[in-house]
Amino acid sequence: MKKKLCILLKSLPTGGVEKMMLNLAEGVAERNYQVEIVLFECTGSHIASIPESVNLLGLMPEGKKRGVRKLFAVAKAFRQYVRKNRPDVVISAKEQANLVNVLFRLLCRNSYRSVITRHVPLDGGLVGTDAKPFVIWLYRHILWRADRIVAVSEGIAGEIRSMIPAHAADHVSVICNPVIDSSVFEKASQTLDEQWLEDKKVPLMVASGRLSHQKGFDILLEAVSILREKMVVKLLILGEGEMRERLMDDISRLSLEEDVRLVGFKVNPYPYYKNADVFVMSSRWEGQPLALIEALAMGTRVVSTDCRTGPREILQGGRLGVLVPSEDPRALAEGIEAALRNPANKNLLNMHSETHSPQLAAESFNETEHNIQQYTIPAASAEYDKLFCRLLGVSD
């Protein structure tokens, strides 16, 4: 008999958290689960990417209520959903969905098991995150009561354990994001109409992410300006966001119009990662950055800021890539230069081989001794399956 899993989210906009929850839905559906994605509202571009094996349900019409009234309406609709569908486990992401999940688990003690996830640091000083004092209060007083809290990195797990009651520390688990499957290598082989990818005479850097304060692309542009004093380089930045105009101004101010392009959001970023000489991550903070993992899987040299949290764990303290201090353009420029001048780092993982099977991919991980198997969709889904089975008291 299939176990019933409900993935509860506010919506499905373009974003790393939502993408990972879709990957989890796909992976767990292949492990004898009946999976349903339940949204507060059926909105967001990721809706088109829901796997065929996964059901979709919206709790309320779009835009009917706002604020606290909307949350109460969603809670009422979710109660009806739970009574009718009787899920075995409800897993959620982001605080509104996490709050609804935990509160209804407390009210319906014998109904389902609640699992909430945390994907970014809880430091309230990080501008642009949802980790404001109220969210921290939620973890200290309510969210710790979930049957399990899953953090995507040890750094985030440590933050959560430090603020919840000591006796609840064992409620916190670390499971890596389900990022990589065989399809990414197939997508990476697609040909792009991008001159800079074809021109091998000039080193090419690629960066990717929302054009926001968090991603530190303003710092990266300063680093490119410093690096241009020593060598000719090109930079492509993938993504869209609220800082586009500011970044365009910076490009003009630094006279980088011939060296840097903002190419917008790309549904398939993998050919860019695969064909880059260096992938650069300049973030001020992260949770477990997906693009960094994807670039590693493509076998591309990586330079990253040593920000909180995630990069140091992913890069194994600098063994798999160059780590530099955050908020330091000169250090970033020096790290990029070191990576570009050391071609021995190229294709460490050799993950874009001619064969794309998960089995051979896993063998490649072992052969290179750079094991990122834990970030594959099957591996991460297996860890979630074990967790769900423990909570339900059944064998996996």
Side-chain angles (χ1 to χ4, degrees), residues 13-16 126-129 192-286 289-292 294-295 298 300-307 311 321-341:
T14 299
L126 299 178
V127 178
T129 73
L192 297 178
D193 183 18
E194 175 55 66
Q195 180 182 356
W196 286 5
L197 292 179
E198 298 175 0
D199 184 3
K200 299 302 182 182
K201 296 180 181 178
V202 178
L204 176 66
M205 299 174 288
V206 168
S208 179
R210 181 173 179 80
L211 306 185
S212 64
H213 177 76
Q214 174 196 352
K215 297 301 181 181
F217 293 134
D218 53 321
I219 299 170
L220 177 55
L221 293 178
E222 295 283 354
V224 173
S225 179
I226 294 170
L227 187 59
R228 282 290 276 114
E229 297 175 1
K230 296 183 177 181
M231 59 193 305
V232 178
V233 293
K234 301 290 186 183
L235 169 65
L236 294 175
I237 298 179
L238 284 56
E240 287 293 352
E242 62 273 13
M243 283 190 66
R244 171 174 271 277
E245 290 188 9
R246 155 77 187 278
L247 295 174
M248 291 298 294
D249 290 342
D250 286 345
I251 290 171
S252 177
R253 174 177 59 83
L254 296 168
S255 301
L256 295 175
E257 293 92 341
E258 301 299 319
D259 307 308
V260 179
R261 291 181 189 167
L262 306 182
V263 297
F265 173 76
K266 298 297 178 182
V267 175
N268 179 15
Y270 307 113
Y272 291 90
Y273 302 162
K274 176 182 175 181
N275 291 286
D277 293 288
V278 172
F279 176 87
V280 184
M281 197 184 78
S282 51
S283 299
R284 291 178 164 93
W285 70 86
E286 285 288 349
L290 313 184
L292 188 64
E294 292 167 339
M298 294 298 105
T300 302
R301 286 169 284 179
V302 167
V303 177
S304 173
T305 50
D306 191 11
C307 64
V322 178
L323 286 168
V324 301
S326 12
E327 302 279 2
D328 190 336
R330 187 162 296 278
L332 184 56
E334 292 172 354
I336 295 169
E337 181 182 7
L340 288 173
R341 296 191 187 281

Exercise. Around atom CE of M248, are there more than 12 heavy atoms of other residues, nucleotides or ligands at under 6.0 Å?
Worked result: no
Problem set entry | Flag side-chain contact, heavy atom, 4.5 Å: I336 against L220 | yes
For this session: Identify the heavy atoms of A276 and T300 that sit nearest to each other, and give their distance.
Result: O-CG2, 3.6 Å
Exercise. Does P203 reach the side chain of V278, with side-chain heavy atoms less than 4.5 Å apart?
Worked result: no
Problem set entry | E286/K215 salt bridge by N-O under 4.0 Å criterion | yes
For this session: Mind listing the closest non-hydrogen atom pair of S282 and T305 along with its distance?
Result: C-OG1, 3.6 Å
Exercise. Looking at residues at least two apart in the chain, or sitting in another chain, which of them share a ring-ring contact (aromatic ring centres under 6.0 Å, His included) with F279?
Worked result: Y273
Exercise. From L221 CG over to L262 CG, what is the distance, rounded to the nearest 0.5 angstrom?
Worked result: 7.5 Å
Problem set entry | Exercise: identify the closest heavy-atom pair between A331 and P325 | CB-CD, 3.8 Å
Problem set entry | Where G264 and E240 come nearest, the two heavy atoms and their spacing | CA-OE2, 3.4 Å
For this session: Return the minimal non-hydrogen interatomic distance between R284 and H213, and the atom names on each side.
Result: NH1-O, 2.6 Å
Problem set entry | Exercise: identify the closest heavy-atom pair between L227 and A333 | CD1-O, 3.8 Å
Problem set entry | Distance (rounded to the nearest 0.5 Å) between I219 CD1 and E327 CD | 4.0 Å
Exercise. Does D277 use its side chain to pair, donor to acceptor, with the backbone of L204 at less than 3.5 Å?
Worked result: yes
For this session: Answer yes or no: is there a side-chain heavy-atom contact under 4.5 Å between V302 and M281?
Result: no
Problem set entry | Pairwise side-chain contact, V280 with L332, heavy-atom cut-off 4.5 Å (strictly under) | yes
For this session: Apply the test side chain to side chain contact (heavy atoms under 4.5 Å, CB included) to residues V206 and N275: give CA-CA distance (whole Å), side-chain angles for both, the deciding distance (0.1 Å), then the verdict.
Result: CA-CA 9 Å; V206 168; N275 291 286; over 6 Å; no
Problem set entry | Salt bridge flag under 4.0 Å for residues E334 and K230 | no
Exercise. Can you tell me how far the CG atom of L254 sits from the CD atom of E257, to the nearest 0.5 Å?
Worked result: 9.0 Å
Exercise. When rounded to the nearest 0.5 angstrom, what distance separates OH in Y272 from CG in L192?
Worked result: 5.0 Å
Problem set entry | Pair E194 + R261: basic N to acidic O under 4.0 Å | yes
Exercise. Can you tell me how far the CD1 atom of I237 sits from the CZ atom of R244, to the nearest 0.5 Å?
Worked result: 9.5 Å
Problem set entry | Spatial distance of atom CD1 (I251) from atom OG (S225) [nearest 0.5 Å] | 11.5 Å
Problem set entry | Within 6.0 angstrom of E258 CD, more than 12 heavy atoms from elsewhere | no
Problem set entry | Set of salt bridge (Lys or Arg N to Asp or Glu O under 4.0 Å) partners for R246, sequence neighbours left out | D218, D250
